Participant: 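I'd like to ask some things about the structure below.
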There are 2 protein chains.
Amino acid sequence: MVLDVNRQAPREPKYYQVKRHLLQLIDTLPPGSLVPTERVLTVELGTSRTTVRQALSELVGEGRLVRRQGSGTYVAEPKIAWLLHMTSFTEQAAAAGYSASTQLLDAVRERASDDIAARLAIKPGAAVYCIERLRLADGTPMAVETSYLSAARFPGLIGHVRKTSSLYQVLADVYDTKPVNADETIETAAASPREAELLNTDTGSPMLVLGRHSFDAEGEPIEWVHSWYRGDRYVFVAKLAAGH
Amino acid sequence: MVLDVNRQAPREPKYYQVKRHLLQLIDTLPPGSLVPTERVLTVELGTSRTTVRQALSELVGEGRLVRRQGSGTYVAEPKIAWLLHMTSFTEQAAAAGYSASTQLLDAVRERASDDIAARLAIKPGAAVYCIERLRLADGTPMAVETSYLSAARFPGLIGHVRKTSSLYQVLADVYDTKPVNADETIETAAASPREAELLNTDTGSPMLVLGRHSFDAEGEPIEWVHSWYRGDRYVFVAKLAAGH
DNA sequence: GTATCAGAGTTGTCTAGTCCATTTGCATCG
DNA sequence: CGATGCAAATGGACTAGACAACTCTGATAC
């Protein structure tokens, strides 16, 4: 009978050795530098291209490297900090020193799924507006934002949104409604082909998904939004104080 | 001369078709259900095991599936919401209905890197305490937390921390210091083998990294902490109000 | 009955290779 | 001189398969 000493130690995968090697290299190079090609690393490190690519993919996902097909792999710029608070995208961007713009991708009326219905406090199957927008900062795509609002509560919303780019402006001017509270959720996900295309990244790359569930002064839900940010590009920042 | 119509359309990768197929399947099954094995999916969908595994890996990373080596792949439980606010881990856990515990992994005195020094407003190379702890909720590991504090400002800290599990308690009782403000950062990363082992997950799986930079009433930095949570298990929740 | 063990089945890791899409630089042509 | 086209080099997607590590079940031994 063999006694199994240190079973618990999960040995380091080979691809992780490659990753550590690359991390060391990256730390010595300025952003924009070219790193060795996949095929060169394959022979240098005595491993397969698949293994090298796994290490590279993780580093790309963490925002340390950028790959450009046909060209090469480069050291990435540091991530951009994005402050979370209760204002519009435009104000947030301005506070961070960017000029924000918005591109309306889609605005349709559809039936609420069970999940959406519950969040908007309406019946499943009731009409909702689904508004999809691309947020840009200094012209580069930053986030894909999808908003859901009750069609019964905001009749004709789509027409207004097509004319005025700011949804919050429309809510205030036309419907006299203003969000005063919100629950925000933050989680990770992988980019779908659609988001990847819009945000100019790869399908499956890690994303930060910000959900916002906002309420008016009476506590009624106004909208449910989720915004997809590239996880390799952005860090969310929240400022907290002890008294809540 | 061939005119390149719709160059922009990046066709859907094959693995993503597999992923969508699996998502449809998952939506019909309760948590804990067994999904078909990798080899079965390989023949059912007419693809290679590598491609099937890529789809599965993304779904595992998004918390939709759980893989158990030697056993099979199962539909995962929904993610757990974790409220962000300016209290201790223990209080946070209690508010969410968990009984929290902490395991001290390591507590050493070391020299501050440039980054740490800047955050703690001390000189690079000055002594800092590095305290690594495993946070558990109802006995299951939840996060790996690494704190950095100035050794000059909190002499003998390690000894106190070894006796009292709560760092904030020690800061209040022994050093009469209390954090009143904090900047929190949230970003994505991939698990290192060490974190993966401690959190009982796989190397490279997506993580949510919460950074906390806290300050006392005078605006002096007290500590710099980063906590690694499993991105497939947790959603962070922040409550915001309009008046900031 | 109970414990043990072998084997089948599963996921985990890695390899070596093919073919495609895109970029880039160079040679060629006008 | 400029534009064009070609070829090399690069990353992107996928395949088929080997072997390892682990789990579970059923047959067997006691």
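Naming: A, B, ... by sequence-line order, numbering from 1 per chain. Bear in mind that the values here come from a model prediction, so they are computed numbers and not experimental data.
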Participant: Just by distance, no angles: are the side chains of B:S192 and B:E195 close enough, under 3.5 Å, to form a donor-acceptor pair?
Facilitator: yes
Participant: Within the pair A:T47 and C:dT15, is there a side-chain N or O less than 4.0 Å away from OP1 or OP2?
Facilitator: yes
Participant: D:dC14 P sits how many Å from B:K19 NZ, rounded?
Facilitator: 14 Å
Participant: Map B:Q54 and A:G72 onto DNA chain D by nearest heavy atom, then report which one ends up closer to the 5' terminus.
Facilitator: A:G72
Participant: For A:E58 and C:dT13, what is the distance between atoms CD and P respectively, to the nearest whole Å?
Facilitator: 11 Å
Participant: When you match B:R67 and A:R49 each to their closest nucleotide on DNA chain C, which lands nearer the 5' end?
Facilitator: B:R67
Participant: Rounded off to whole Å, could you give me the CD-to-P distance for the B:Q17 and D:dA13 pair?
Facilitator: 13 Å
Participant: Whether A:D27 and A:R64 form a salt bridge (side-chain N of Lys/Arg under 4.0 Å from carboxylate O of Asp/Glu) is what I want to check.
Facilitator: yes
Participant: Between A:Y74 (OH) and D:dT10 (P), how many Å, whole number?
Facilitator: 11 Å
Participant: If you pin A:Q69 and B:E38 to their nearest nucleotides in DNA chain C, which one's is more 5'?
Facilitator: B:E38
Participant: Rounding to a whole Å, what distance do you find between A:R53:CZ and C:dC14:P?
Facilitator: 16 Å
Participant: Tell me: CG of A:L22 to P of D:dG11, nearest whole Å?
Facilitator: 12 Å
Participant: Any side-chain N or O of B:T51 less than 4.0 Å from the OP1 or OP2 oxygen of D:dT15?
Facilitator: yes
Participant: Which nucleotide wins on minimum distance to the side chain of A:D202, given the candidates C:dT15, D:dG12, C:dT13?
Facilitator: D:dG12
Participant: May I ask you to decide whether B:E12 forms a salt bridge with B:R20, counting only side-chain N to carboxylate O separations under 4.0 Å?
Facilitator: yes
Participant: Between the base of D:dA9 and the side chain of A:S71, is there a donor-acceptor distance below 3.5 Å?
Facilitator: no
Participant: Classify the nucleic acid contact of A:T50 as base, sugar-phosphate or nothing, counting any heavy atom under 4.0 Å across all strands shown.
Facilitator: base
Participant: Report the distance from atom CG of A:L45 to atom C1' of C:dT15, rounded to the nearest whole Å.
Facilitator: 15 Å
Participant: For the residue pair A:R135 / A:T102, report whether a side-chain donor-acceptor contact shorter than 3.5 Å exists.
Facilitator: yes
Participant: For B:Y15 and D:dG12, give me the distance from atom OH to atom C1', rounded to whole Å.
Facilitator: 12 Å
Participant: Using a distance-only test with no angle check, is there a side-chain donor-acceptor pair under 3.5 angstrom linking A:Y98 and A:Q92?
Facilitator: no
Participant: Using a heavy-atom cut-off of 4.0 Å across all strands, would you classify B:R68 as base, sugar-phosphate, or nothing?
Facilitator: sugar-phosphate
